[in-house]
Amino acid sequence: MPELPEVEITKQGIEPFLLGQTIKQFTVRNRKLRWPIPVKLHQTLQNLVIQAVSRRGKYILIDCTVGWLIIHLGMSGSLRVLTSKEETASKHEHYDINLNNGMTIRYRDPRRFGALLWTNKDPEKHRLLTNLGPEPLHDVLNGRFLYQVLRKKSSPIKIQIMNNHIVTGVGNIYANESLFHAGIRPTRQANRISQVRLERLSDAIKKTLKRAIEVGGSSLQDFYQTDGTTGYFQQEYKVYGRTGEPCHTCKTPIKRVTLGQRSSFYCIVCQT
DNA sequence: CTGTAGACCTGGAGGC
DNA sequence: TGCCTCCAGGTCTACA
């Protein structure tokens, strides 16, 4: 589920319910996520006031005054808002954060690749966040930046833009879609692409991510008491998952290849 | 440093 | 129905 737009929409969806609230209770039903949820976290969080909610890459950061919760949704995680904690948790709903406004933030994650961590220090300094590349929606990501950072990278461009240390938050769907919009083959060696084309790529990344956030954001009113899935899924992809189907531009069947153990899709005519 | 494969998990889809 | 294989929106870690 979560690529950057989904994470941003989740962040926006939970933020208004969290700001200024005190954590009344934290309940764990299964602490075995990617890393175990700290055993004493329920004690740590007791009575803490939430000051801010932010996002860095695909991490959601919750400022709890004396420290931060770091949330990652992994492959299948989602957060939703309940009006009370009375609703029975299902098999894959692993933790609840109960607030003094009566609301509960509940985490669901069937595959348990997600994470919930606690840090006392600046979360940007946390080992998982400190080496992240720039935010894709910031001006730092542009053709010049990509050209510089990819100079010595001979592996495929798609692998590079999915590398969080190069640029953070570009997942498999948006890597494929952005490369289509930029007319670049996912297999092309990263250091063999001109700065002009990399400029097109950075523009395409920003455009596709922004569009997805807009589409998802338009159904934000449904976030409350839903599972957080939004209109973003319904958008039509140009190449992702369209193996053998005609390219929307030239009708050539979309090709599928595997790069870095991930499915990659492109048009052999429109992308060079 | 660079690049690649494996690891962590569950569930859905499709073939036989 | 049941069993098997493959696939899935992520990314850290180990190793060549």
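One atom, CD1 of Ile70(A), and another, P of dG10(C), lie 19 Å apart when rounded to the nearest Å. Trp35(A) places its CH2 atom 12 Å from the C1' atom of dA7(B), with the value rounded to the nearest Å. Atom OH in Tyr174(A) sits about 10 Å away from atom P in dG10(C), given to the nearest Å. Atom CD in Gln261(A) sits about 15 Å away from atom P in dC6(C), given to the nearest Å. Computed from coordinates, the Lys158(A) NZ to dG3(B) C1' distance equals 16 Å when rounded to whole Å. Between the CG atom of Leu132(A) and the P atom of dG10(C) there is a distance of 14 Å, given to the nearest Å. The distance between atom CZ of Arg262(A) and atom C1' of dG10(C), rounded to the nearest whole Å, is 6 Å. When the C1' atom of dC8(B) is taken as reference, atom NE2 of His94(A) falls 13 Å away, rounded to whole Å.
Taking the ring centre of Trp35(A) as origin, the terminal cationic atom of Arg127(A) falls inside the region bounded by 6.0 Å and 45° from the ring axis.
Candidate nucleotides dG3(B), dG10(C), dC12(C) were compared by shortest atom distance to the side chain of His72(A), and dG10(C) ranks first. The nucleotide whose nearest atom lies closest to any side-chain atom of Arg127(A) is, among dG11(B), dG10(C), dT13(C), dT13(C). For Lys153(A), counting side-chain heavy atoms from C-beta on, the closest listed nucleotide (dG10(C), dA8(C), dT2(B)) is dT2(B). Among the nucleotides dG11(B), dC12(C), dG3(B), the one closest to any side-chain atom of His92(A) is dG11(B). Closest to the side chain of Ser155(A), from the set dA8(C), dG3(B), dG11(B), is dG3(B). Out of dG3(B), dC12(C), dG10(C), the shortest distance to the side chain of His165(A) is found at dC12(C). With distances taken from any side-chain atom of Met162(A) to the nucleotides dT4(B), dG10(C), dG11(B), the minimum falls on dG10(C).
Taking the charged nitrogens against the carboxylate oxygens, Arg55(A) and Glu8(A) do have a contact shorter than 4.0 Å, which makes a salt bridge. Salt-bridge formation is detected for the pair Lys11(A)/Glu15(A): a Lys NZ or Arg NE/NH1/NH2 atom is positioned less than 4.0 Å from an Asp or Glu carboxylate oxygen. Under a 4.0 Å N-O distance rule, the pair Glu6(A)/Lys58(A) does not qualify as a salt bridge. In summary, Glu124(A) and Arg56(A) engage in a salt bridge, as defined by a charged side-chain N under 4.0 Å from a carboxylate O. Taking 4.0 Å as the cut-off between side-chain N and carboxylate O, Asp122(A) and Lys125(A) count as a salt-bridged pair.
A centroid separation of 6.0 Å or more is found between the aromatic rings of Phe180(A) and Tyr266(A).
Regarding contacts with the backbone of dA8(C), every side-chain N or O of Tyr240(A) stays at 4.0 angstrom or more from both OP1 and OP2. Look at Lys152(A) and you won't find any side-chain N or O under 4.0 angstrom from OP1 or OP2 of dG3(B). Under 4.0 angstrom from either OP1 or OP2 of dG3(B) there lies at least one side-chain N or O belonging to Ser154(A). Contact check, Gln160(A) against dG3(B): a side-chain N or O comes under 4.0 Å of OP1 or OP2.
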Quiz prompt | Dot-bracket encoding of pairs in DNA chain B, which uses [ ] for pseudoknotted crossings and | for another strand, Watson-Crick or G-U under 3.5 angstrom | solution = .|||||||.|||||||
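Residue contacts for Leu128(A): at a heavy-atom cut-off of 4.0 Å it reaches the sugar-phosphate backbone alone, with no base atom in range.
None of Lys24(A), Arg80(A), Arg106(A) except one satisfies the salt bridge (Lys or Arg N to Asp or Glu O under 4.0 Å) rule with Asp96(A); the exception is Arg106(A).
Looking at Ile70(A) and Leu128(A), their side chains never come closer than 4.5 Å, going by heavy atoms from C-beta outward. Two residues are said to be in side-chain contact when any heavy atoms from C-beta on lie closer than 4.5 Å; Ile254(A) and Cys247(A) meet this criterion.
For DNA chain B, the neighbouring residues in residues 109-120 of chain A, judged by any heavy atom under 4.0 Å, are Pro110(A), Arg111(A), Arg112(A), Phe113(A).
Not one N or O on the side chain of Arg262(A) forms a donor-acceptor pair closer than 3.5 Å with the backbone of Thr258(A).
Positionally, the nearest nucleotide of DNA chain C for Ser263(A) lies more toward the 5' end than for the other of Arg34(A) and Ser263(A).
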